[in-house]
Amino acid sequence: MIHSLFLINHSGDIFLEKHWKSVISRSVCDYFFEAKEKAEDPENVPPVLQTPHHYLISIYRGKLFFLSVVQTEVPPLFVIEFLHRVADTFQEYFGECSESVIKDNVVIVYELLEEMLDNGFPLATESNVLKEMIRPPTILRSVVNTLTGGSNVGDTLPTGQLSIIPWRRAGVKYTNNEAYFDVIEEIDAIVDKSGTTVFAEIQGVIEACVRLSGMPDLTLSFMNPRLLDDMSFHPCVRFKRWEAERVLSFIPPDGNFRLMSYHVSSQNLVAIPVYVKQNISFLETGSCGRLEITIGPKQTMGKMVEALMATIHMPKSVLSVSLTASQGSYTYDITTKILIWDIGRLNPQKLPNLRGSLSMQTGVPKPEENPSINIDLKIQQLAISGLKVSRLDMYGEKYKPFKGVKYLTKAGKFQVRT
Amino acid sequence: MSTAALYNDQGAAEAAVEAGQETTPTSSSSGAAFGLFSTDFKKNEDLKEMLESNKESLKLEAMKRIVQLISKGKNASELFPAIVKNVASKNIELKKLVYVYLVRYAEEQQDLALLSISTFQRALKDPNQFIRASALRVLSSIRVPIIVPIMMLAIKEAAADLSPYVRKTSAHAIQKLHSLDPDQKEQLIEVIEKLLKDKSTLVAGSVVMAFEEVCPDRIDLIHKNYRKLCNLLVDVEEWGQVVIINMLTRYARTQFTTPWKEDAVFDENNEKTFYDSDSEDKKDQTEAKPYIMDPDHRLLLRNTKPLLQSRNTAVVMAVSQLYWHLAPKHEIGIVTKSLVRLLRSHREVQFIVLQNIATMSIQRKGMFEPYLKSFYVRSTDATHIKTLKLEILTNLATEANISTILREFQTYVKSQDKAFAAATIQAIGRCATNISEVTDTCLNGLVLLLSNRDETVVAESVVVIKKLLQTQPTQHSDIIKHMAKLFDNITVPMARASILWLIGEYCERVPKIAPDLLRKMAKTFTAEEDIVKLQTVNLAAKLYLTNSKQTKLLTQYILNLGKYDQNYDIRDRTRFIRQLIVPNEKSGALSKYARRILLAAKPAPVLESAFKDRDRFQLGTLSHSLNIKASGYQELSDWPAVAPDPTVRNVEVIDPVKEWAPSLGKAKQPKSDDKFYSDEEEKGEEGSDSSSSEDSSSSTEESGSESEKESNEESEKTSTDSGKSSSDSERSSSESEAEQKKKNTKKKNKPAAADSDSVESEAKDSSSSTESSSESNSESDSDSDSPAPQKISVKAKPKVELKAKKEVSLLDLDDFSPAPTNAPKPSVISSSLLSDLKGLSLSNVSPTLQITTSSFGPEKTHELLHHMTGKGLSAKYHFPRQPCLYQPQMVAVQLILTNTLDHSLEEIHVGDRSPASLSIHCFNTIERLEPGASVTVSMGIDFSDSTQAANFHLCTKEDQFSVSIQPAVGELLMPSTMTEPDFCKEQKKLQGMNETSATIIMATA
């Protein structure tokens, strides 16, 4: 399956390589670099490439390319999913997944890769299991280790690896037993010029943070499970009970995990929390354009819209902007042509407004299309679909856990066409 | 050395460059490598020193730095001697790093690597399974041909290890050994065959992977394990699931007949019921039709369906492709939602999923039409994602939704991403040809685009308009004129060539413009691109034929220019055309037909999807993604016209002596042996005969699920140790295997006594219980408790069902009691009788007890006789927790006898016992036990309800060994189902003497 892995940074240096079978020369990456060159934007690099003797499957995460080499037929998603799992693991271990962090922890990275794959086939990918085998670095431990020569490597087989519940280890103990669930929903929408919604849907996830001793068996039920149209679960969720009773019954992993992700049926009308009034125009003659954007609340369910932000990818011919924002601040990156207007909290009484002129390159025809506006926002204490958790019950353990549910609505891919 | 392998990817030129660097095979190919190498060399000196030191911490530090070197691809091979010494280090981390190093460089330093082998061989015998496994991992990763025999031995041993984790590792090692030395294939297949029988979910994925790699064509190995794999699937780890599903897809295509023949007939009315796993309606329907889906085929579909909800995108894709290739057409729809869900995932995932959806959407529009809007393009999408979405939108276009799609396309055309805008124009062109209603609208829209400022957009429009006009040229001379006017402003060669062709083709419609255009071209001919030149020559020829008066001189001029062109294609074409059209004395027969050749009516091009031909590949594969057959791609075979013998999947035919893997979940007592898949075919063959039993079976299922909730509680009580929970489902899912063994044991103990009547009823019974058992297996959602409730719910159904069923009491009887044929009669009254007794008071204890067969056997085995004390004979025992077959008072015990000697043991039997009163039902004397073989026998022991040990002698021909079995109190209990009041009532009757307290934890309230 996966033969080798190369980590490649933004500028095209291979800074880590690992082979699970015989060694494959780095020169195989040249084909990838060629494709990368051609694609210009790293986002545009095709994930699957063919070379005379190998196939290259790559992902792009955090300005890094994870490039794997395979030699025979394999489901490409299998490799892609695994590479993302590797990146996730790094993220969990080191807090971020970047070149410098990986270079600093190269030994742990190597140990992890060694455990995650055997002969190119995934072995242990569950983070709980991995953490028992290779402990994540902490400042304290690294200090102690350098003094004593101790190691980060556990010496017993993690219990999870063998049990039927691979995601949870035995003998978890906490003094404070707590279980928190965050219901996070994202609105994906395309709004057209006139303000009508072309397409909107809600995607939600339930992120859990469970710190409970022993082997608790949790049941989470919803007030209105009918809302959920399609979902995927963490392996711990008993699918049968969900099908029969629409409750989530599970023995949770220890720590943070994503319990489920769901899609709210598209039949329901999606409430769009804000409206955007915009007017962007490029003058036919002369080298300037005008821009005016106002954002106002639409259906906010009486909650406050926070962390409001508008991002515009300007056409290449826009050289600079001179704008005034009635609220928040804006930045314009000349090289990437991205205008970001960070508004913050939306005040319904005094709508934020951004206006001014754009200076254009002379001699270039005016852009055909106005750039679209991407909106970011957050609404605390609200799940825009109306989904509500009704109760959480625990069986199997005697103590009383502390329970909490939080709701949050965010803008996902929220795009306003202009 | 193996450096040759390193270059297998490069052209000769590159190889030559690298050949200069033979000394540093792993150093980067840049010129700086030599510089780095020299610094490395010095650094390596101090690393060597550190490794030689006595301090663990220094060594560790050195190893860490070496690993850093390796990770950067630098060469550290000359440190090998210093490092290999540390392979036996006590420090685990140090050891692991040494392993990393060893695996990387052993191939280059084979002789030195051999020094480490003995360490691994020792570790292979370590009591710690983790160490055994990692030793095997490293040993098998060392790519040194000399140690192949050692590896082979180690693999064989590990494949029989007690720890499933070690067995998993051995499955991985099989692949490694196979790639190192393909000659070992035959032996490795034997090991694979063994491991395929393994019941552990941990092993399943890895061994199937090994199977795929080593012997994917040996489908015959799968037959016996097919049902087991289907049932285990939900509990296998996610990566294994992908591999197994793909393998099973291939398998199913060779074993079952196509379900696609008569879809249309029950497409409309039956859709709903098909989605439910409830099979009642389906049964009725399909029975009438000639096509009946093989129950195993259905089993696969049913057991993979829940995996659509997996968080792992690869699993979802695997299930989707399985449904695409195997499910009846009307069932494929259930994968849509899940696939659309995957579009929320990472960019790369989207890419692959969209590719697959594109292929699917060509054949089955209806699947994705409701999700049209999910494929709308965002300006932030990557270009290849955009183009794929466009492709899908185009595929999905119908008369009903075309206006929406076109409106959407309008936005895309204006996109700043010009490559995407051009693709959109192509897409519009396709929509226009496919849907005749909108052809004109599209054409007008495209003409408008001709005045676009962007060149690529205009060029693409021209090309597309050309294609469209070809389909209906008569009405559009205006457009042709318009394009001719635009000609001066267009610089993109492809577009210019298209216009020229268009004018040439329809030159009779634009008689004035065409010669003028030719005049212009004559002026610029030399400066044009090749493709434009070719079309100019064509235009000239066509005009010469239609309008020679005006264009004769121009044509000759152009032909002369072409004659001396640099490009030989153009010279060729010119020569050809000249001979064809210009009459001269030598002109051959062809020139007579020049007009017919050049001005023939040309068929309109068909605008097709780029994904049209991708369906020749299995979905979700690399080959599909690249649209090229990847190496190692296994063709998906066509459905066989006639299904191969379905009975090969019946598990009973396995030779009973070859029982294998004695460690886990040993066979249960032969109680409910009728509950067994194999009889299902019998049912199928019986045809209409069995319809009544099917009725009852399906209603059985229903009632089972209805009563599930209540029976949940009961079952928790009755199956005494479900509180211990862990790993139960593994056991239960391996049931089919266990059942097979039951069957075997039954065969041994009950030689063909059954008369024809009972055979019939058995078959009936089995068909129903098969349903339910496969059901419950598929339902076991990796939950430790759920299998039990499901199981028991089936048994608990008499309460619900009895009244309705009285008239067909024979069937009922079979249906209700798990195994009436050989259940211990005295203590348990069969359920139909029970129903008659229902009105009576329940004062008596035993008759009302309903014995419940526990759905899982305990896994724990106890040592009865160690092979050291037993002079090579080792014996283990465990309690299957099934009512004893021989006498109701007895407790069933299963013995696993293994011969660890190198010669066979003879006449193994039970000898003297103490206390003498002890009543034991002995197993039949085993005449001969081959070396290395093991056999499972069952016996019954009457412990007289006490925990007193039963002592007896286990004898062979030469020796006898005194052994004793002491039961835990729980093993003496009989599981039964009773309601809460009944339980309390019974409890009150018990005296203090009998009290044993234990807490049972229930998962559900």
Side-chain angles (χ1 to χ4, degrees), chain A residues 16-17 22-23 25-28 43-44 46-48 50 53-55 59 72-78 80-81 84 106-107 110 114 118-119 121-122 149 151 153 155-157 161-164 190 199 203 217 230-235 238-240 263 315 365 368-369 372 395-396 413 415 417, chain B residues 5-6 8-10 29 56-57 60 64 67-68 71 73 92-93 96 100 130 137 165 172 175-176 209 239 242 306 309 311-314 317 337 341 344 346 348-349 351-352 373 376 378-379 382-384 414 416 453 620-622 625-626 630-633 726-727 729-730 779 781 783 1001 1003:
Chain A
L16 188 132
E17 63 178 65
S22 55
V23 179
S25 160
R26 307 183 149 204
S27 58
V28 74
E43 289 274 333
N44 283 344
V48 184
Q50 192 189 17
H53 298 278
H54 301 96
Y55 305 97
I59 64 162
T72 52
E73 171 65 54
V74 61
L77 265 189
F78 184 98
I80 288 170
E81 175 82 24
H84 277 295
V106 69
V107 176
Y110 233 67
E114 188 74 26
D118 184 12
N119 195 37
F121 189 76
S151 74
V153 178
D155 55 353
T156 49
L157 182 63
Q161 185 75 292
L162 285 175
S163 83
I164 191 69
I190 300 177
F199 163 73
Q203 306 278 353
D217 196 326
D230 178 53
M231 49 264 136
S232 69
F233 300 112
H234 190 276
R238 297 179 181 113
F239 183 65
K240 201 65 212 172
H263 176 112
E368 189 69 27
E369 187 199 26
S372 53
Y395 308 97
K413 294 173 185 162
Q415 201 164 75
R417 290 177 177 165
Chain B
L6 304 183
N8 55 5
D9 215 19
Q10 302 158 12
S29 53
E56 290 270 290
S57 58
L60 195 60
K64 282 186 176 171
V67 166
Q68 275 176 11
S71 75
I92 295 265
E93 187 169 24
K96 281 204 163 175
V100 169
F130 193 33
R137 262 184 77 185
Y165 183 68
H172 289 187
Q175 303 164 52
K176 300 183 206 167
M209 187 66 227
W239 310 108
V242 178
Q309 255 63 49
R311 64 170 173 173
N312 189 319
T313 58
M317 189 67 234
K337 256 185 207 173
R341 185 186 69 226
R344 281 281 297 178
H346 299 284
E348 298 83 5
V349 176
F351 177 72
I352 304 289
K373 289 188 170 177
Y376 278 9
R378 293 187 165 77
S379 61
T383 307
H384 54 253
K414 283 188 265 168
Q416 291 173 38
R453 246 186 311 267
T621 58
L622 188 61
S625 216
L626 294 164
S631 66
Y633 174 73
S726 77
S727 79
S729 86
E730 186 179 310
E779 283 159 1
D781 41 9
D783 161 18
I1001 302 149

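Each chain gets a letter, A, B and so on, in the order the sequences are listed, and its residues count up from 1. Note that the coordinates shown come from a computational prediction; the quantities given were computed from them, not determined experimentally. Keep in mind that the numbers below use all heavy atoms, side chains included, and drop hydrogens, waters and symmetry copies.
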- Task: Work out which heavy atom in Ser625(B) is nearest to a heavy atom in Val48(A); give both atom names and the distance.
- Result: OG-CG2, 4.1 Å
- Task: Mind listing the closest non-hydrogen atom pair of Ala314(B) and Glu81(A) along with its distance?
- Result: N-OE1, 4.2 Å
- Measuring heavy-atom distances to chain B, does Gln415(A) have an atom under 4.5 Å in its side chain, in its backbone, in both, or in neither? side chain
- Task: May I ask you to name which of Thr383(B), Val67(B), Thr313(B) has the most heavy-atom pairs under 4.5 Å with chain A?
- Result: Thr313(B)
- Segment of Tyr110(A) engaging chain B (4.5 angstrom heavy-atom cut-off): side chain
- Item | Toward chain B, the part of Leu16(A) with a non-hydrogen atom under 4.5 Å | both
- Query: Distance-only, no hydrogens or angles: does the Tyr55(A) side chain make a donor-acceptor pair with backbone N or O of Ser631(B) under 3.5 Å?
  - Reply: yes
- Note on the structure: Bottom line for Val242(B): the part with an atom under 4.5 Å from chain A's heavy atoms is side chain
- Determine the minimum heavy-atom distance between Thr621(B) and Pro76(A), stating which atoms define it. C-CD, 3.4 Å
- Look at Gln50(A), His84(A), Glu114(A), Gln203(A) and state which one has the largest set of heavy-atom pairs under 4.5 Å with chain B. His84(A)
- d(Arg417(A) CZ, Lys414(B) NZ) to nearest 0.5 Å is 10.0 Å
- What do the steps show when you test Ile190(A) against Arg378(B) for side-chain contact (heavy atoms from CB on, under 4.5 Å), and what is the final call? CA-CA 8 Å; Ile190(A) 300 177; Arg378(B) 293 187 165 77; 4.2 Å; yes
- Item | Heavy-atom pair count under 4.5 Å with chain B, highest-scoring of Ile59(A), Thr72(A), Leu77(A), Val74(A) | Leu77(A)
- Message: For the backbone of Asn44(A) and the side chain of His384(B), can you confirm whether one donor and one acceptor N or O come within less than 3.5 Å of each other?
- Response: yes
- Task: Could you tell me whether a side-chain N or O of Gln309(B) sits under 3.5 Å from a main-chain N or O of Met231(A), the two making a donor and an acceptor?
- Result: yes
- Between Asp118(A) and His172(B): side-chain donor-acceptor atoms closer than 3.5 Å: yes
- Query: Are the aromatic ring centres of Trp239(B) and Phe121(A) under 6.0 angstrom apart?
  - Reply: no
- Which is it for Ser71(B) and Glu17(A) under the side-chain contact (heavy atoms from CB on, under 4.5 Å) test, yes or no, and what are the steps along the way? CA-CA 5 Å; Ser71(B) 75; Glu17(A) 63 178 65; over 6 Å; no
- Message: So for Tyr633(B), is it side chain, backbone, both, or neither that comes closer than 4.5 Å to the heavy atoms of chain A?
- Response: both
- Over all atoms of both residues, closest heavy-atom pair of Pro315(A) and Gln416(B): CA-OE1, 3.4 Å
- Is there side-chain contact between Pro235(A) and Arg311(B), with at least one heavy-atom pair below 4.5 Å? yes
